[in-house]
Number of protein chains: 2
Amino acid sequence: MNLPKQTDPDATPLDEAARAAWLYYVGGKTQDQIARELGMSRQRAQRLVSRAVSEGLIHFRLEHGLSSCLAMEAALTRRYGLKVVRVAPSLGAGTDPTKSIAPIAAVEMERVLASPEPIVMAVGTGRTLRAAVEQIKTMQCERHQLVSLIGNISPDGSASFYDVIMRLADRVHAAHYPMPLPVFAGSPRERDMFHALDPMRRTMELARSANVTFVGVGQIDDTAPIRLDGFITQVELEAMRNAGAAGEIVGWIYDESGRYLNFGSNLRNAGVRVLPPEENTVVAVAAGEKKVPALRAALSGNLINGLVTDEPTAQALLDR
Amino acid sequence: MNLPKQTDPDATPLDEAARAAWLYYVGGKTQDQIARELGMSRQRAQRLVSRAVSEGLIHFRLEHGLSSCLAMEAALTRRYGLKVVRVAPSLGAGTDPTKSIAPIAAVEMERVLASPEPIVMAVGTGRTLRAAVEQIKTMQCERHQLVSLIGNISPDGSASFYDVIMRLADRVHAAHYPMPLPVFAGSPRERDMFHALDPMRRTMELARSANVTFVGVGQIDDTAPIRLDGFITQVELEAMRNAGAAGEIVGWIYDESGRYLNFGSNLRNAGVRVLPPEENTVVAVAAGEKKVPALRAALSGNLINGLVTDEPTAQALLDR
DNA sequence: CCACTACATGAGCATATGCTCAAAATGCTT
DNA sequence: AAGCATTTTGAGCATATGCTCATGTAGTGG
């Protein structure tokens, strides 16, 4: 056995965690061995490993497509004519589906960003997308441009609630264009004023020219994120539901056949809405029983031509 | 809790292993929970997880460059003017360095193969390279061409001892050109006869035109792989050592300043030797104390302009 | 149809892991 | 420099993991 090494003096705490995780997962050593090698207590080694996992320093990636998931991907492609489909294995009914689709969505985003041609990638917001971005590996993407589809000022005035674009830009080192706007303007007139600003116009134009777009999908029910996060009021939500609201993408509410409502909060939405894609690719990242109607509507209205979801959701979209 | 699911009737054993590993590593569940969810005994779940790891269905990847390794990479780049350098964290003095460099080399090869332009990748053989290829993820690389630098018939007549190119082609679905040749011909004349064959000529030409080359590096001492695998005799090895042999790349032996010996077994080598790269990239994948002199020689003779190695080896190459 | 090999299974157990808690260290404010 | 809050540390312990071994089960060749 080796003599206990002194820990490198110039190692950051994260370095130590990464090294411990490397020894544990790649080297297959026990935490006891690692502790001895690194000259620390076993508990400290244990904490470093667990920290590395929770901080995302080490990633687990399934390199084997599960045949059941592959079958669903093929079926979804056929049924809805999609360009991009990934179905993540479920983690069981009790678990937040975000946990399973985030790593898969991250791989898909990496694949897109690996393109050597300069691309414009537009992104929405939301918990799911945020989780996915956290799992993306660091890359050098100076050639690409990232643009947000949606304002980054939430109703309480704080910037960046689920600040997807900034995190993404951090990770992949690309030029990025957030929208210094409220998500919803106070009135249609106020929104028009914002839109008249020159830099805003340019950013929105960039967003509309995106080659690839990644968005979340919100359900319209009592748990509607757009309502829970305080973007629209309960009253407004009810009105939209009565008008046939079925789902929402970057705050734009559409009905069950995927047509945007020309009504209510949509008149105040200050962001860029996603239009049925032609050459470009629009990938929805969403899973969960509650989101099935919203996804079905977006798919039948061809608002999206790509999907990252999990097994139960895929199954639900295929049933019937 | 969920009712125990019946295992899918159409799931292959590997599918089950992959699913168990997904639930374990990505889902963070205990093997007990997994066993219940999948309707099997805990031991079975345990075996599935361990199988998924050993079969490489699940990969562990460090997403955080250790500062000490990054520093060495920078230093090696500066010292030897390299285009590609990766230094893997060590797994401790007792552990086979192959284990640590294989995953890093795999990432590097994936990066090269991700190129959308068609490329020609030449590969050597060896334990290390073979281990790296096993860790490469499956890809669709129909646009690329893979070519072997070295015959695939070993001295005992069996084809494919460390059949790197076939495995690689399997994984990445690219056109591939092995060399249906013995590694060493019986005599220079016999070698010339092989080389006169038309298909052989074309393959060798392809190999010489490679954009990127990945090779192992063999030491020339009592543990020389070229000797242990029975390619040359002890007597021949001694003669080469006396003539100044310092290392070997795809069976071609070079001296301490990286010049190929015009002598002995080199006169019978039927493969394509690696020449000092100009536009193209030649990456050596090798680590271990024993390989340091061979690596140093290859580096100072500019036989290679890329290196994947581990921490102690990098340190040794930088010391002095 | 039987004997044989090779591999899969579950029980039992030694060991590894991760959680909780109290003590110690660190940093920040006054 | 003292006091307070926050974080880090290791001990102890309950639980999870993985190994060994005895037994079972399928597949193969006589």
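Values below: every heavy atom of this structure, side chains too, minus hydrogens, waters and symmetry copies. By convention in this document, chain letters (A, B, ...) are assigned in the order of the sequence lines, proteins followed by strands, and residues within each chain are numbered from 1.
- Two end axes, each from the C1' atoms of five base pairs, can be drawn for the helix from C:dC1-D:dG30 to C:dT30-D:dA1; they diverge by 40°, to 10 degrees.
- In this structure, the side chain of A:H176 engages the main chain of A:A174 through a donor-acceptor pair within 3.5 Å.
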Between the protein and nucleotides 14-17 of chain D, list every N/O to N/O distance that falls short of 3.5 Å.
{"unit_1": "D:dT17", "atom_1": "OP1", "unit_2": "B:Y24", "atom_2": "OH", "d": "3.1"}
{"unit_1": "D:dT17", "atom_1": "OP2", "unit_2": "B:Q31", "atom_2": "N", "d": "2.7"}

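- Rounded to whole angstrom, the span from the CZ atom of A:R44 across to the C1' atom of C:dC19 amounts to 18 Å.
- The OH atom of A:Y24 lies 9.5 Å from the CZ atom of B:F60; values are rounded to the nearest 0.5 Å.
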Trace of the side-chain hydrogen bond (donor to acceptor under 3.5 Å, both in side chains) decision for B:T30 with B:R42: CA-CA 10 Å; B:T30 75; B:R42 188 186 67 74; over 6 Å; no
Produce the list of close N/O pairs, under 3.5 Å, pairing protein atoms with atoms of nucleotides 21-23 of chain D; give distances to one decimal.
none

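- Checked by atom type and distance alone, the side chain of A:H59 never pairs as donor or acceptor with a backbone atom of B:L62 at under 3.5 Å.
- Take the nearest nucleotide of DNA chain C for B:S41 and for A:S50: the residue whose nucleotide is more 5' is B:S41.
- At most 12 heavy atoms of other shown residues, nucleotides or ligands fall within 6.0 angstrom of atom CD in A:E289.
- B:K291 contributes a side-chain N or O that, together with a main-chain N or O of B:V217, makes up a donor-acceptor pair within less than 3.5 Å.
- The distance between atom CD of A:Q43 and atom C1' of D:dG10, rounded to the nearest whole Å, is 5 Å.
- Counting non-hydrogen atoms of other residues, nucleotides and ligands closer than 6.0 Å to CZ of B:R167 gives a total of 12 or fewer.
- If you measure from atom CZ of A:R51 to atom P of C:dG18, you get 16 Å, rounded to the nearest angstrom.
- Of the possible donor and acceptor atoms, none in the side chain of A:R227 sits under 3.5 Å from a partner among the backbone N and O of A:D222.
- At least one donor-acceptor pair under 3.5 Å links the side chain of A:D15 to the backbone N or O of B:S67.
- Distance alone, capped at 3.5 Å, places no donor-acceptor pair between the B:E63 side chain and the A:L57 backbone.
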